Amino acid sequence: MYLNFKCNVLSKKLFLSMITTAFFSTVNAQLKDEYKSSIELHAIGTSNSTVPFWMRSNQFGSTPLCGISSSVIGKFSKKYSELTPNEEIYGKNKLVDWGFGFEGRVNGGKSSNLQLIETYVKAKASIFQLKAGRTKDVVGLNGDTSLSSGNFAVSGNALGIPKIELSIPEYWRAPIFDGLFSIKGSFAHGWVGPARILDSIDLSSKEKRNVYYTIDNTPNTYFHQKSFYGRIGREGWKLNIYGGFNHQVYWGNEDSAYGSRFKLSPAQTFLYVATGRAYGSDGIPRSKIGNQIGSIDLGIDYDFESLKVMIYRQQFYDVGALAKLANIADGLTGLSIENKRFRESNQVFQLKKILIEFFSSKNQAGYPWSTPTASGDEDYYNNYYYIQGWTYKNIGLGNPLITRKDDAKPGQASSEYDYFINNRVLALHIGIDADIKDWEMRSKITYSRNYGTFTTSKYGKSTGIKRAQPSDILFKPVNQLSFYTEGFKSLNEKYDIGFSGAFDLGQLLKHSFGLSLKIKRNI
């Protein structure tokens with residue numbers, strides 16, 4: 001949620017002062033260990049009226065303003081109680097517990113805004129957890145969510161969609177076959193709010209012309225999400241094998257859009273959504289209901305004496321090509337190497353983890369020689385029904401390497417129907433977590449080759465065996481380099497200081513540079 005307001009410099013300072021004073025005055029410093037609160041002050045500068053790519057991507061919607069600005073970030077949370085050494089020895093566990101979290105951000109610069117990043121309550125009973133609100137969630141299997149380029153389905157690029165979720169959040173080892181199998185998973189229902197959909201459906205044929213207009217083109221929209229992941233490996237084994245899937249859907253109020261042409265009841269509609277069944281009737285083309293997206297993931301890790309190594313693969317699906325392995329060339333492939341002897345020496349530089357990923361979304365089963373499918377090319381994140389595609393609050397929910405029109409340099413070739421004008425990408429990404437003396441450092445560098453969409457390619461867009469003519473203006477492949485680094489240092493128990501810097505060079509995004517200086521007060 002963004003609450004925007006305009007104010008002069010004096011009122012901005014007064015507002016930030018009031019927020020800071022209220023925060024400190026309402027929080028008791030003598031809270032128990034499970035309660036945590038902090039406040040951060042940021043001073044930020046960016047060039048070219050742009051926030052660099054990695055300063056705004058995969059930040060859960062917590063982003064600064066462009067230009068010279070300042071930010072105040074307040075956090076307050078209660079985590080689940082931790083076991084004491086005695087309880088760990090005797091295997092005791094708190095079966096029922098609860099927690100909550102809040103994070104808000106105030107930005108002030110040429111304009112001002114208030115961002116509600118996170119607000120939720122949660123409770124657990126044994127291995128199960130029930131959570132409600134807006135949370136910082138990612139979905140998918142990778143080596144490190146903070147270093148990754150981003151999961152395909154939900155990467156933490158946008159604000160979290162408010163939802164209620166029932167889950168097994170951590171791998172639970174089943175008490176069979178000596179604990180060989182472990183599982184975790186989730187099932188959630190969320191509220192997106194009004195979402196723009198198409199205004200009309202043209203089902204014309206050679207014999208007659210049929211154009212159906214939607215009754216409500218901004219219906220209230222829901223979010224369906226589920227995931228299931230399994231692990232093979234007994235406790236103490238050096239080798240573990242992982243596999244699973246996630247499934248997300250934008251849907252809801254189809255009868256508000258289609259009227260009497262839509263024949264399903266709400267309960268039937270939800271069943272079609274959850275199972276991925278296709279539906280169609282007179283005036284409604286046969287298709288899966290809503291915008292359905294996700295990935296099928298595989299991984300393997302091995303514990304060496306001093307290193308832990310993980311290899312993983314996310315296989316994308318959007319409109320159906322994966323069922324025929326037609327887009328099998330696309331996916332996120334990664335290698336993560338963790339140093340298990342981190343901080344065991346006094347060396348100035350100590351590497352904690354390195355992650356290397358290759359992201360490919362160029363194929364999409366869209367070439368003339370690709371295996372034909374009823375839905376044609378995948379056209380990742382774009383959707384014929386939801387005009388703004390796979391976004392929340394206008395920001396992409398998935399991997400940020402797929403580019404919205406508003407994020408690209410002006411003048412790039414695009415189709416008026418595509419919200420994401422660059423979804424055919426090849427990218428190499430490296431993330432590093434390390435200590436340099438007393439500083440905790442994290443860095444990312446990403447090099448990509450970008451090919452636009454099939455609509456703006458020389459092949460044209462396909463739907464089944466039908467192929468549209470290429471656009472008059474073709475997307476010329478361009479390169480892009482983006483870099484980010486950040487560092488934190490604890491001065492004492494109460495104060496941390498930090499910085500972050502980033503830059504973008506290339507032909508896809510505006511050239512930009514950004515620097516942020518931070519001080520954090522732990523309460």
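No experiment lies behind these values; they were computed from the predicted model shown. Atoms considered below: every heavy atom in the structure, side chains included; atoms not considered: hydrogens, waters and symmetry mates.
Cation-pi geometry between K78 and F100 is not satisfied (NZ or CZ under 6.0 Å from the ring centre, within 45° of the ring normal). Judged by the 6.0 Å and 45° rule, K163 forms no cation-pi pair with W191. A cation-pi contact, defined as under 6.0 Å to the ring centre and within 45° of the axis, links R231 to Y171.
Listed by first and then second residue, the salt bridge (Lys or Arg N to Asp or Glu O under 4.0 Å) pairs that reach into residues 294-311 are D303-K340, E305-R341, sequence neighbours excluded.
Atom CD of Q347 has 12 or fewer heavy atoms from other residues, nucleotides or ligands within 6.0 Å.
When all heavy atoms are compared, the tightest approach of S167 to E165 is OG-OE1, 3.9 Å. Smallest separation of non-hydrogen atoms from S69 and P64: OG-CB, 4.5 Å. Contact record, L401 with T446: CD2-CG2, 3.8 Å, taken as the closest heavy-atom pair. Considering all non-hydrogen atoms of both residues, I117 and K136 come closest at CG2-CE, 3.7 Å.
In terms of the salt bridge (Lys or Arg N to Asp or Glu O under 4.0 Å) criterion, residue partners of D144 (sequence neighbours excluded) are, by chain and number, K353. With sequence neighbours left out, the salt bridge (Lys or Arg N to Asp or Glu O under 4.0 Å) criterion links R277 to no other residue. Here S516 pairs with H42, I44, M55, S500, K518 under the side-chain contact (heavy atoms from CB on, under 4.5 Å) rule; sequence neighbours left out. With sequence neighbours left out, K122 forms a side-chain contact (heavy atoms from CB on, under 4.5 Å) with Y80, Y120, Q129, K131.
Side chain of R404 to main chain of N394: a donor-acceptor pair is present (N/O by atom type, distance under 3.5 Å, no hydrogens or angles). For E378 (side chain) and D318 (main-chain N/O), a donor-acceptor pair under 3.5 Å exists by modelled atom type. In terms of modelled atom types and a separation under 3.5 Å, the side chain of N383 and the main chain of Y385 share a donor-acceptor contact.
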Stepwise ring pair (Phe, Tyr, Trp, His ring centres under 6.0 Å) test for F483 and F503: CA-CA 5 Å; F483 174 78; F503 67 79; 5.4 Å; yes
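For F359 and F316, the distance between ring centers is under 6.0 angstrom. Checked against a 6.0 Å centroid threshold, the rings of F270 and H224 count as neighbours. With ring centers used as reference points, Y250 lies 6.0 Å or more from Y222.
Residues F304 and V309 have side chains in contact (heavy-atom distance under 4.5 Å, counting atoms from C-beta outward).
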Scan the side chains in residues 147-160 for donor-acceptor partners under 3.5 Å anywhere in the protein, sequence neighbours excluded, and list what turns up.
| from | atom 1 | to | atom 2 | distance (Å) |
| --- | --- | --- | --- | --- |
| S148 | OG | G150 | N | 2.9 |
| S148 | OG | E357 | OE1 | 3.3 |
| S148 | OG | E357 | OE2 | 2.9 |
| S149 | OG | E357 | OE1 | 2.8 |
| S149 | OG | N399 | ND2 | 3.3 |
| N151 | OD1 | N142 | ND2 | 2.7 |
| N151 | OD1 | Q314 | NE2 | 2.7 |
| N151 | ND2 | V139 | O | 3.1 |
| S155 | OG | N58 | OD1 | 2.9 |
| S155 | OG | N157 | N | 3.3 |
| S155 | OG | G398 | O | 2.8 |
| N157 | OD1 | N58 | N | 2.9 |
| N157 | ND2 | G396 | O | 2.9 |

